[in-house]
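Following: one structure in structure tokens, then a few remarks.
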2 protein chains.
Amino acid sequence: MVERDPSATPSGPRSAGRSGGPAAAVGPEVDAGPPPVAAEAPDVGVHRRPRRSDASRAAILAAARDRFAADGYERATIRAIARDAGIDPSMVMRYYGNKEGLFAAAAEIDLRVPDLTALPPEERGARLVRHFIELWEGDETLTGMLRVGATNDAGAECIRRVFAEQARPMIDAACPVPAEAAARAALIESQILGMALCRYVLRVPPAVDLSHDELVAWLAPTIQRYLTAERP
Amino acid sequence: MVERDPSATPSGPRSAGRSGGPAAAVGPEVDAGPPPVAAEAPDVGVHRRPRRSDASRAAILAAARDRFAADGYERATIRAIARDAGIDPSMVMRYYGNKEGLFAAAAEIDLRVPDLTALPPEERGARLVRHFIELWEGDETLTGMLRVGATNDAGAECIRRVFAEQARPMIDAACPVPAEAAARAALIESQILGMALCRYVLRVPPAVDLSHDELVAWLAPTIQRYLTAERP
DNA sequence: GTCTATAATTCGATAGAC
DNA sequence: GTCTATCGAATTATAGAC
């Protein structure tokens, strides 16, 4: 079958690593902290005394992102994540409490939605489409979150939150009628996620074969209409 | 957490049953047959001697569809499916060989795509959108297949095949330029599946709140454009 | 902080009686 | 055809030594 062979990667990090690219923009280490352990740093504000385990935590998070992305929530085991990170599985439990805590820490995503108000209205659709295409192809974590969100409720909540917090404000700013912004944002999200689903998760052949330019040419008018067209 | 409580349904069928509605239209019992058992009916063509176990097989398939739909591939256990069907788990193995065989048998879907050529071109987008909305809300199996397809490759193949075999011909017949039909079908599929993902799987609030009429009003022009508009 | 050992479940799958 | 009993493997999670 096409299932993952556990013996294929007996040790060491995964081949298709993130290479520290978009991962570096994820944000300032927003892990949940060691849950059942003594709180050694109550003032988690600007300054924080670096823990000796920061390297281990980062390695775990990177491996978790890869595994969750590749295998989904259920098949991504703590053992495999720990093995990829070169760390004992019990450390993962100690740092993140349980599997859900680990996922929550690994699921921090930055969509880096561009500022649409700086563009002339007729270019906003194309700008948004091109941004999401490049975002999706540059970071397999997004595909993973989509995979997890379809099966696990914590993953779905993650996607809902990411789009509500990061995409909505920009869409609100670009929408003509504020009362319609919610519906317009949902429509845009449906087309963006739908194409991502077909291309990167389901791998529907004709969707995979579309070039970036073709995608922009087809999808930009759709997004543009959802964004600014008069309500039908 | 929101995970399923195994003790919530100690026995008996699931509360949200299919009530034999769309399931009856799935097709003429296309199960894989008992794989490791003696082939008692080699001529599985038009006529077939009804097996004594047909009722059990149907019960298993119905329960499997519900479980796969609700829990996804990994969490849907053969034990739980058998319990819902009121049948011993070993029977599932005997009938369908293994878990993948069971899924393949349960994943037979009929999209019942309407004949678009009978409609004036300007009404085809709305017709298609309304059909898929009603289809999706009338049969939770489709949501389940989407859930499974996101995590499991067999599920993804199922979705690819269903759309390729059932939706493509109708779209081909309605598309102006045959060479562009593949891309147009992929675009339509991305918008249909994307909205289904947001509404029924991820349950993004603004997408869930959209009424049928609003959905048709917003999505129909998109589908219409993917279907017949000149290539951008 | 790190690791070993293991508890406690649960799973898919098999063997065999009736 | 149906069911009981169970195997072997895998999982999350915990306890505790160093």
Side-chain angles (χ1 to χ4, degrees), chain A residues 1 3-8 10-11 31 33-41 49-60 64 67-68 71-83 85-104 152 154, chain B residues 1 3-7 9-11 31 33-41 49-60 64 67-68 71-104 106 152 154:
Chain A
M1 269 306 298
E3 305 291 336
R4 172 177 304 283
D5 182 3
S7 64
S11 70
D31 60 355
V37 92
E40 52 182 279
R49 179 169 60 81
R51 284 167 295 205
R52 189 153 69 92
S53 60
D54 277 352
S56 299
R57 303 176 95 93
I60 291 174
R67 279 288 178 181
F68 282 130
D71 299 342
Y73 185 83
E74 326 289 339
R75 282 207 311 264
T77 67
I78 291 183
R79 289 169 137 86
I81 291 168
R83 177 156 29 91
I87 285 175
D88 193 88
S90 65
M91 291 291 91
V92 180
M93 302 299 300
R94 175 173 175 83
Y95 291 154
Y96 300 102
N98 52 31
K99 192 174 177 179
E100 291 218 12
L102 172 61
F103 172 77
N152 185 273
Chain B
M1 269 307 296
E3 303 293 336
R4 172 176 306 278
D5 183 4
S7 64
T9 60
S11 70
D31 59 355
V37 93
E40 51 181 283
R49 181 169 60 82
R51 283 166 297 203
R52 190 154 70 93
S53 61
D54 277 352
S56 299
R57 303 174 96 95
I60 291 174
R67 278 289 178 181
F68 282 129
D71 299 342
Y73 186 83
E74 326 290 337
R75 280 206 312 262
T77 66
I78 290 182
R79 290 169 140 87
I81 291 168
R83 175 155 32 91
D84 290 351
I87 284 176
D88 194 88
S90 64
M91 292 290 90
V92 179
M93 301 299 299
R94 178 172 174 82
Y95 291 154
Y96 300 102
N98 54 30
K99 191 174 179 179
E100 291 218 10
L102 173 62
F103 173 77
N152 185 273

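What's counted below: heavy atoms across the whole structure, side chains too, no hydrogens, waters or symmetry copies. It should be emphasised that the depicted structure is a prediction, and the values quoted were computed from it without experimental measurement. Labels below follow one simple rule: chain letters A, B, ... track the order of the sequence lines, proteins then strands, and each chain is numbered from 1.
To the nearest 0.5 Å, atom CZ of residue A:R94 and atom CG of residue A:D88 are 12.0 Å apart. In this structure, the separation between CG on B:N152 and CD on A:E74 is 11.5 Å, given to the nearest 0.5 Å. Atom CZ in A:R57 sits 10.0 Å away from atom CD1 in A:I87 (nearest 0.5 Å).
Computed from coordinates, the B:I81 CD1 to C:dA13 P distance equals 12 Å when rounded to whole Å. Rounding to whole angstrom units, CZ of residue A:R75 and C1' of D:dA9 are separated by 17 Å. Between B:K99 atom NZ and D:dA9 atom P there is a gap of 19 Å when expressed in whole angstrom units. Rounded to whole Å, the distance from CD1 on A:I87 to P on C:dG1 is 12 Å. Atom CD1 in B:I78 sits about 15 Å away from atom C1' in D:dA9, given to the nearest Å. Atoms CG (A:D71) and P (D:dT11) sit 11 Å apart, rounded to a whole Å. The nearest whole Å value for the distance from the OH atom in A:Y96 to the C1' atom in D:dT14 is 20 Å.
Minimum atom distance to the side chain of A:N98 is reached by D:dA13, of the listed C:dT2, D:dT2, D:dA13. Distance from the side chain of B:M91 is smallest for D:dT2 among the nucleotides D:dA13, C:dG12, D:dT2. For B:R94, taking side-chain heavy atoms from C-beta onward, the closest of the listed nucleotides C:dG1, D:dG1, C:dT4 is D:dG1. Counting only heavy atoms from C-beta on, B:R79 has its side chain closest to C:dG12 among D:dA13, D:dT2, C:dG12. For B:S90, the side-chain atoms get nearest to D:dC3 when compared with the rest of D:dT6, D:dT2, D:dC3. The side chain of A:M93 approaches D:dT14 more closely than any other nucleotide in the set D:dT14, C:dT2, C:dC11. Residue B:D88 has its side chain nearest to D:dT4 when only C:dC3, D:dA13, D:dT4 are considered.
Look at A:Y73 and you won't find any side-chain N or O under 4.0 angstrom from OP1 or OP2 of D:dT11.
Relative orientation of the A:F68 and A:Y73 rings is parallel, given thresholds of 30° and 60° on the angle between their planes.
Put simply, the side chain of A:I81 does not reach to within 4.5 Å of the side chain of A:K99, judged on heavy atoms.
Nucleic acid contact for A:T77: sugar-phosphate only, since backbone atoms but no base atoms lie under 4.0 Å from a heavy atom of the residue.
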